[in-house]
Amino acid sequence: MSKQTSGKKAAQKATQKAAQKATGKGNPGKGSPGTRTGGQGGGRIPAPAAAPAAAPAPETGASPAPELSRRRLLGTVGAAGAAGLVVGGAGGALAVSAAQDTAPTALTSIGSTEVAFRKASATHQAGITTPLQATGHLVAFDLAPDADRKTAAALLRRWSRTAEELMAGRTPDADTGVALDAGPSSLTVTFGFGHSFFDRTGLTKRRPVQLDPLPDFSADALDPERSNGDLWIQIGADDALVAFHALRALQKDAAGSARLRWQMNGFNRTPGATARPRTARNLMGQIDGTNNPKPSDKDFDERIFVGRDADQAWMRGGSYAVVRRIRMLLDDWEKRSRHAQEKVIGRRKDNGAPLTGGSESTPMRLDATGSDGLPVIPANAHARIAAPASNQGAALLRRPFSFHDGFREDGAPDAGLLFVCWQADPLRAFTQIQRKLDRGDALSPFLRHEASGLFAVPPAAEPGGYVGRPLLEG
């Protein structure tokens with residue numbers, strides 16, 4: 001070491017000792033003015049060096065050395081863990097350090113929101129009328145070649161137990177640790193049975209007629225490897241890690257009993273991202289789901305859930321889910337002017353109001369004509385053709401996720417809608433509406449239906465039971 005370097009270090013040490021003596025940091029005991037104690041971890045963080053007397057800190061009522069909390073930066077609520085913001089170190093660098101948290105802080109409202117897997121007053125599975133979540137996975141499984149009814153019952157028992165634990169924000173045994181520090185985040189797990197499940201388990205006589213395969217539509221370009229399946233799971237959550245954690249746990253539960261057939265990943269707007277709750281927008285930029293039936297409607301249950309007069313008693317209180325992967329031809333769509341897009345849909349793009357005026361919730365005036373004598377809402381507009389008034393009152397509950405799976409070889413986005421809709425009878429709801437859309441919907445040229453599935457979703461598990469128990473043990 002050179003004498004010059006040695007002299008510089010000695011001078012630095014002398015300066016540090018003088019500063020410590022002046023500020024009382026030479027003996028940093030508990031509560032000494034020269035240290036700060038981490039709010040959560042209780043660790044001690046050195047305070048920044050005292051400012052020169054010629055430049056006193058402004059009297060703002062706040063600490064001259066603001067504390068940054070890792071948990072605050074992540075959006076949690078509660079007492080923040082202490083952090084030191086050190087300015088003016090070697091080379092004038094800005095450094096941020098955070099004390100390790102050892103005590104929990106409160107979760108945000110998004111993280112702490114819990115949806116019950118089962119409760120005495122609930123007939124239906126969660127994930128049907130639950131508000132749309134920010135992220136989701138749709139997954140189908142086929143039973144293992146040697147699986148039977150007993151194997152299926154054991155699997156549904158495991159799945160139900162895992163779903164109940166995860167939806168409550170609890171960690172099951174042998175956990176991966178992906179969501180250890182997260183709350184339930186509105187997690188829902190919904191189970192359904194495909195047409196082929198009943199053949200595989202010897203329950204063909206208990207298969208509902210409503211589960212008969214959907215008819216072919218002219219616009220279909222379905223990939224059979226990404227369609228149907230013995231078992232179906234819908235996972236939704238307001239946190240992507242929580243949703244993935246559930247997906248991984250359920251996949252592990254299936255080992256030896258069922259194999260993954262297909263998986264699709266989707267997303268929606270995160271709750272709280274808008275000033276007030278709004279109807280979701282799809283990737284075309286259109287408000288999507290305006291005419292959804294509402295639980296407050298007097299005929300809601302009749303339209304969406306299987307009634308007590310159903311032939312198959314095990315489905316009473318359940319529903320039927322139609323799942324479609326619909327790719328949007330966004331390059332073609334985005335070449336259209338906004339006015340042209342609104343004519344295709346029949347609604348304004350900014351607020352979802354019908355072209356006949358009003359707000360999003362204003363009923364469409366399908367008989368209204370313009371000065372040219374033509375319908376204000378074109379005869380082939382999507383909103384007109386899909387409306388209950390155009391389909392003998394048929395309605396379904398749309399609950400989709402958007403998806404983006406990268407780009408195709410031609411550079412077009414592989415993106416669109418993971419369409420999930422719920423109804424008491426698919427033949428009288430989805431099939432009836434889709435047949436009409438198939439004959440002349442102005443939106444159809446911009447869509448490609450690439451995968452499809454229909455699943456019977458039984459009611460919620462009774463206390464002490466599991467989803468599907470009345471079917472598998474009845």
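As the structure is a computational prediction, the values presented were derived from the model and not from experiment. What you see below is based on every heavy atom in this structure, not just the backbone, and it leaves out hydrogens, waters and symmetry mates.
- For the pair Ile233/Val189, a side-chain contact is recorded, criterion being any heavy-atom separation below 4.5 Å from C-beta on.
- Annotation: the span from Ile128 atom CD1 to Cys421 atom SG amounts to 12.0 Å, rounded to 0.5 Å.
- For residues 397-417, the salt bridge (Lys or Arg N to Asp or Glu O under 4.0 Å) pairs, not counting sequence neighbours, are Asp288-Arg398, Arg325-Asp405, Arg325-Asp414.
- Contact annotation: the side chain of Lys294 never approaches that of Asn292 to less than 4.5 Å [non-hydrogen atoms, C-beta and beyond].
- Residues Pro459 and Trp314 share a closest heavy-atom pair of CD-O, 3.3 Å.
- Legend: residues meeting side-chain contact (heavy atoms from CB on, under 4.5 Å) with Ala126, ordered by chain and number and at least two apart, are Val115, Thr130, Met167, Thr188.
- Remark: Asp253 engages Thr162 in a side-chain hydrogen bond (donor to acceptor under 3.5 Å, both in side chains) (not counting sequence neighbours).
- Under the rule for a side-chain contact (heavy atoms from CB on, under 4.5 Å), the partners of Phe300 that lie at least two apart in sequence or sit in another chain are Thr129, Pro293, Pro295, Asp297, Ile304, Phe305, Leu397.
- A 4.5 Å side-chain heavy-atom check between Ser160 and Phe117 finds at least one atom pair inside the cut-off.
- Here the CG atom belonging to Asp230 is positioned 9.5 Å from the CZ atom belonging to Phe455, to the nearest 0.5 angstrom.
- Taking Phe446 as the reference, Trp333 meet the ring pair (Phe, Tyr, Trp, His ring centres under 6.0 Å) condition, with sequence neighbours excluded.
- The closest side-chain heavy-atom distance from Pro271 to Leu132 is not below 4.5 Å.
- A perpendicular orientation is assigned to the rings of Phe407 and His404, their planes being inclined by more than 60° (bins at 30° and 60°).
- With sequence neighbours excluded, no residue forms a ring pair (Phe, Tyr, Trp, His ring centres under 6.0 Å) with Tyr320.
- Taking a cutoff of 4.0 Å between a charged side-chain nitrogen and a carboxylate oxygen, Glu165 and Arg170 qualify as a salt bridge.
- Partners of Arg207 according to the salt bridge (Lys or Arg N to Asp or Glu O under 4.0 Å) rule, which considers only residues two or more places apart in sequence or in another chain, are Asp199.
- Looking at Gln133, its side chain does come within 3.5 Å of a backbone N or O of Ser186 through a donor-acceptor pair.
- Shown here for Thr190 and Gln125, the closest heavy-atom pair between the two residues is CA-OE1, 3.5 Å.
- Here NZ of Lys349 is found 11.0 Å from CD1 of Ile287. Values are rounded to the nearest 0.5 Å.
- Under the 3.5 Å distance criterion, with hydrogens and angles disregarded, no donor-acceptor pair is assigned to the side chains of Ser185 and Asp238.
- Side chain of Arg336 to backbone of Glu342: no donor-acceptor contact under 3.5 angstrom is found.
- In this structure, the side chain of Arg448 does not engage the main chain of Arg327 through any donor-acceptor pair within 3.5 Å.
- Side-chain contact between Leu231 and Leu156 is present, with at least one heavy-atom pair separated by less than 4.5 Å.
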Extract all donor-acceptor atom pairs below 3.5 Å that involve side chains of residues 467-474 and protein atoms in other chains or at least two apart in sequence.
{"residue": "Arg469", "atom": "NE", "partner": "Glu473", "partner atom": "OE1", "Å": "3.2"}
{"residue": "Glu473", "atom": "OE2", "partner": "Arg157", "partner atom": "NH2", "Å": "3.3"}
{"residue": "Glu473", "atom": "OE2", "partner": "Tyr466", "partner atom": "OH", "Å": "2.7"}

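- With rounding to the nearest 0.5 Å, the separation of CG in Leu138 from CZ in Arg226 is 12.5 Å.
- Residues passing the salt bridge (Lys or Arg N to Asp or Glu O under 4.0 Å) test with Asp350, sequence neighbours excluded: Arg338, Arg348.
- Remark: Asp438 pairs with no residue by the salt bridge (Lys or Arg N to Asp or Glu O under 4.0 Å) rule, at least two apart or across chains.
- Closest approach of Asn391 and Gln432 over heavy atoms only: O-NE2, 2.6 Å.
- Between Ile433 and Ala394, the shortest heavy-atom contact is CD1-O, 3.9 Å.
- For Asn265, the side-chain hydrogen bond (donor to acceptor under 3.5 Å, both in side chains) partners at least two apart in sequence or on another chain are His137, Gln263.
- Rounding to the nearest 0.5 Å places CE of Met284 at 5.0 Å from CE of Met328.
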With a cut-off of 3.5 Å and sequence neighbours excluded, list every side-chain donor-acceptor pair involving residues 370-387.
{"residue": "Asp372", "atom": "OD1", "partner": "Leu374", "partner atom": "N", "Å": "3.0"}
{"residue": "His382", "atom": "ND1", "partner": "Asp441", "partner atom": "OD1", "Å": "3.4"}
{"residue": "His382", "atom": "ND1", "partner": "Asp441", "partner atom": "OD2", "Å": "3.0"}
{"residue": "Arg384", "atom": "NE", "partner": "Ile377", "partner atom": "O", "Å": "3.2"}
{"residue": "Arg384", "atom": "NE", "partner": "Pro378", "partner atom": "O", "Å": "3.1"}
{"residue": "Arg384", "atom": "NH1", "partner": "Leu366", "partner atom": "O", "Å": "3.3"}
{"residue": "Arg384", "atom": "NH2", "partner": "Leu366", "partner atom": "O", "Å": "2.7"}
{"residue": "Arg384", "atom": "NH2", "partner": "Ile377", "partner atom": "O", "Å": "2.8"}

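- Of the inter-residue distances, the one linking Phe430 atom CZ with Ser452 atom OG reads 6.0 Å to the nearest 0.5 angstrom.
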